[in-house]
Amino acid sequence: MNNSVIRRVVVLGALAIIGIIAVQSYWVMRSWDLKEQEFHQTVNSALFKVAENLAAYDSIPLPSYQLVNRKSSNHYVVNINNVIDAGILEHYLLKEFEARALDIVFEYAIYDCGSDNFQYGNICSVGNGPKSNNVPGGNLQTYDEFTYYFVVTFPMRSAYLLSEMPLAIIFTVILFIAILFFIYSLTVILKQKRLSEMQKDFINNMTHEFKTPISTIKISADVFLNHPLIKEDQRLSNYARVIKEQNIRLNHQVEKVLQLAKIERKGLELHLEEINLHELLQNILPSIQLKVKEVNGILKSQLKAIQPMVRADKLHLTNILHNLLDNAIKYCRQIPEIEIGTQTKGSRLILQISDNGIGIDKSHQDKVFDKFYRVPTGNIHNVKGFGLGLYYIRNICQAHGWKIHLDSLPEEGTTITIEMERES
């Protein structure tokens with residue numbers, strides 16, 4: 001995963017989280033406002049009924065103004081025209097709150113106009129809540145506009161309102177869990193990216209370090225092969241040839257790793273030109289034919305495409321062809337039978353390479369184009385490689401805008417098809 005992808009993930013994730021938090025906050029605040037309004041209406045209705053009951057009990061009229069007054073979010077003042085009995089007041093408060101299912105702790109206090117202070121008070125709750133004489137009258141504000149009144153406060157109003165919003169709380173908790181999970185995932189991604197970059201740097205440095213000894217071995221092998229004494233000794237000549245062949249193979253693998261690292265780091269740079277696919281195939285087939293003959297195999301070509309001109313990078317296209325044909329030779333337990341075919345299909349040029357090799361099980365076919373992936377073969381490792389060939393081929397095809405398909409059956413062979421845009 002490159003830096004641009006990670007930046008997009010971070011930015012889009014952050015925007016999504018900000019949007020979700022904004023929506024969630026609006027919804028929670030809206031729910032809170034609705035519950036607060038509902039609570040105020042319920043309390044106002046209950047206190048109004050209490051005032052009516054007290055007036056009826058004392059057979060006096062209710063005040064004509066400012067009967068129930070909300071002084072703060074949890075503090076109410078109720079205006080009465082007569083002295084208030086604490087026991088009767090508490091009875092009516094509990095009765096009205098219970099009738100409205102207002103199961104909340106509340107405090108009440110009664111104002112004594114003679115001492116200009118609160119003389120009676122209690123903490124109560126509907127049901128089995130706490131109840132004790134613990135309301136200091138001196139801590140409550142007095143109001144000069146009223147003569148006889150009592151006050152009711154709700155010290156646990158916020159907790160009560162939150163308890164009435166279970167869904168909002170649950171979804172908020174889920175949201176914070178999701179945010180934490182996103183942050184954790186982002187941390188893991190960044191950590192894995194750092195490890196991946198360290199791995200790439202190590203491989204790049206290692207392969208670059210290999211270049212010098214590989215070049216030295218190549219020069220030495222050439223000197224040996226050209227020396228008259230070595231040419232006269234068949235055994236030494238064979239050893240020198242083996243050294244050169246294995247050196248070439250090692251150099252090829254190192255170049256492949258370096259090329260892939262460059263593609264991943266800087267992106268693929270294509271040098272496009274018009275290429276006659278048939279001519280390119282005819283140029284490389286002789287060298288492939290030699291490899292096939294070494295294992296007594298058969299190489300067939302059916303080049304039937306009309307106007308086989310494609311716009312492509314010649315170097316990369318040549319590498320694709322060599323990789324596909326080398327795989328067809330390597331992954332075969334019997335005498336290789338390889339067929340190369342081309343055909344025209346509308347505006348597309350179709351290239352097919354088929355073999356009678358070991359094939360690939362369907363469960364592995366989607367993974368063979370992944371980097372470093374090799375089809376499991378148990379403890380048998382008779383075919384060497386890094387799992388980079390098909391990964392490289394897929395990247396080159398994608399860069400050109402070509403489509404690549406793989407059809408394979410175990411023990412029956414494999415056919416790889418590449419669809420290229422044809423130049424008219």
Side-chain angles (χ1 to χ4, degrees), residues 1-36 156-209 256-269 360-378 385-399 404 406:
M1 185 179 293
N2 55 40
N3 291 330
S4 61
V5 174
I6 292 178
R7 280 196 295 267
R8 285 197 294 268
V9 170
V10 173
V11 172
L12 293 177
L15 290 176
I17 288 176
I18 291 171
I20 293 172
I21 290 176
V23 172
Q24 180 70 11
S25 300
Y26 172 80
W27 180 49
V28 170
M29 295 303 297
R30 183 64 177 166
S31 300
W32 178 274
D33 290 340
L34 292 174
K35 290 297 179 181
E36 192 174 38
M156 300 181 66
R157 168 182 167 277
S158 298
Y160 174 79
L161 292 179
L162 286 175
S163 68
E164 293 293 303
M165 301 164 54
L167 283 179
I169 295 173
I170 291 172
F171 286 130
T172 301
V173 171
I174 293 174
L175 173 62
F176 279 108
I177 292 174
I179 292 173
L180 291 175
F181 178 75
F182 173 77
I183 294 173
Y184 171 75
S185 301
L186 188 60
T187 303
V188 172
I189 290 173
L190 294 175
K191 182 179 179 181
Q192 291 298 321
K193 184 177 184 301
R194 285 195 298 270
L195 293 174
S196 177
E197 289 176 347
M198 291 173 61
Q199 181 190 48
K200 290 178 182 177
D201 290 340
F202 171 76
I203 292 175
N204 291 340
N205 292 334
M206 181 184 68
T207 48
H208 277 293
E209 290 296 325
K256 187 183 293 184
V257 172
L258 288 174
Q259 197 169 40
L260 286 172
K262 182 179 178 182
I263 291 173
E264 291 180 346
R265 185 173 63 254
K266 298 182 179 179
L268 187 60
E269 296 180 3
I360 303 171
D361 189 81
K362 190 174 182 180
S363 60
H364 300 288
Q365 290 181 14
D366 292 336
K367 303 175 184 177
V368 293
F369 292 102
D370 294 343
K371 188 177 181 181
F372 300 128
Y373 186 83
R374 303 195 69 201
V375 177
T377 57
F386 296 147
L388 295 174
L390 291 178
Y391 173 75
Y392 169 78
I393 292 170
R394 185 192 64 178
N395 276 271
I396 299 301
C397 288
Q398 289 178 346
I404 182 168
L406 183 146

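The first residue in the sequence is number 1, and the count goes up from there. Keep in mind that what you see is a predicted model, and the values were worked out from it rather than measured.
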[X] side, atom [atom1]; [Y] side, atom [atom2] - distance, nearest 0.5 Å:
{"X": "Ile396", "Y": "Tyr391", "atom1": "CD1", "atom2": "OH", "value": "10.5 Å"}
{"X": "Leu406", "Y": "Lys362", "atom1": "CG", "atom2": "NZ", "value": "12.5 Å"}
{"X": "Met156", "Y": "Leu161", "atom1": "CE", "atom2": "CG", "value": "11.5 Å"}
{"X": "Lys191", "Y": "Arg194", "atom1": "NZ", "atom2": "CZ", "value": "8.0 Å"}
{"X": "Phe182", "Y": "Thr187", "atom1": "CZ", "atom2": "OG1", "value": "9.5 Å"}
{"X": "Met29", "Y": "Trp32", "atom1": "CE", "atom2": "CH2", "value": "8.5 Å"}

Closest non-hydrogen atom pair, [X] against [Y]:
{"X": "Gln24", "Y": "Ala168", "value": "NE2-O, 3.5 Å"}
{"X": "Lys35", "Y": "Met165", "value": "CG-CG, 3.7 Å"}
{"X": "Leu390", "Y": "Phe369", "value": "O-CD2, 3.4 Å"}

Yes or no on side-chain contact (heavy atoms from CB on, under 4.5 Å) for Ile404 and Gln398, after CA distance, side-chain angles and deciding distance?
CA-CA 9 Å; Ile404 182 168; Gln398 289 178 346; over 6 Å; no
Only residue of Ile17, Ile20, Leu180, Val28 satisfying side-chain contact (heavy atoms from CB on, under 4.5 Å) with Leu175 is Ile20
CG of Asp366: more than 12 outside heavy atoms within 6.0 angstrom?
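For Asp366, atom CG is not crowded (no more than 12 foreign heavy atoms under 6.0 Å).
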Phe171: which residues meet the ring pair (Phe, Tyr, Trp, His ring centres under 6.0 Å) condition with it, sequence neighbours left out?
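Result, ring pair (Phe, Tyr, Trp, His ring centres under 6.0 Å) vs Phe171: Trp27.
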Filter on side-chain hydrogen bond (donor to acceptor under 3.5 Å, both in side chains), then keep only pairs touching residues 12-21, sequence neighbours left out; what's left?
none
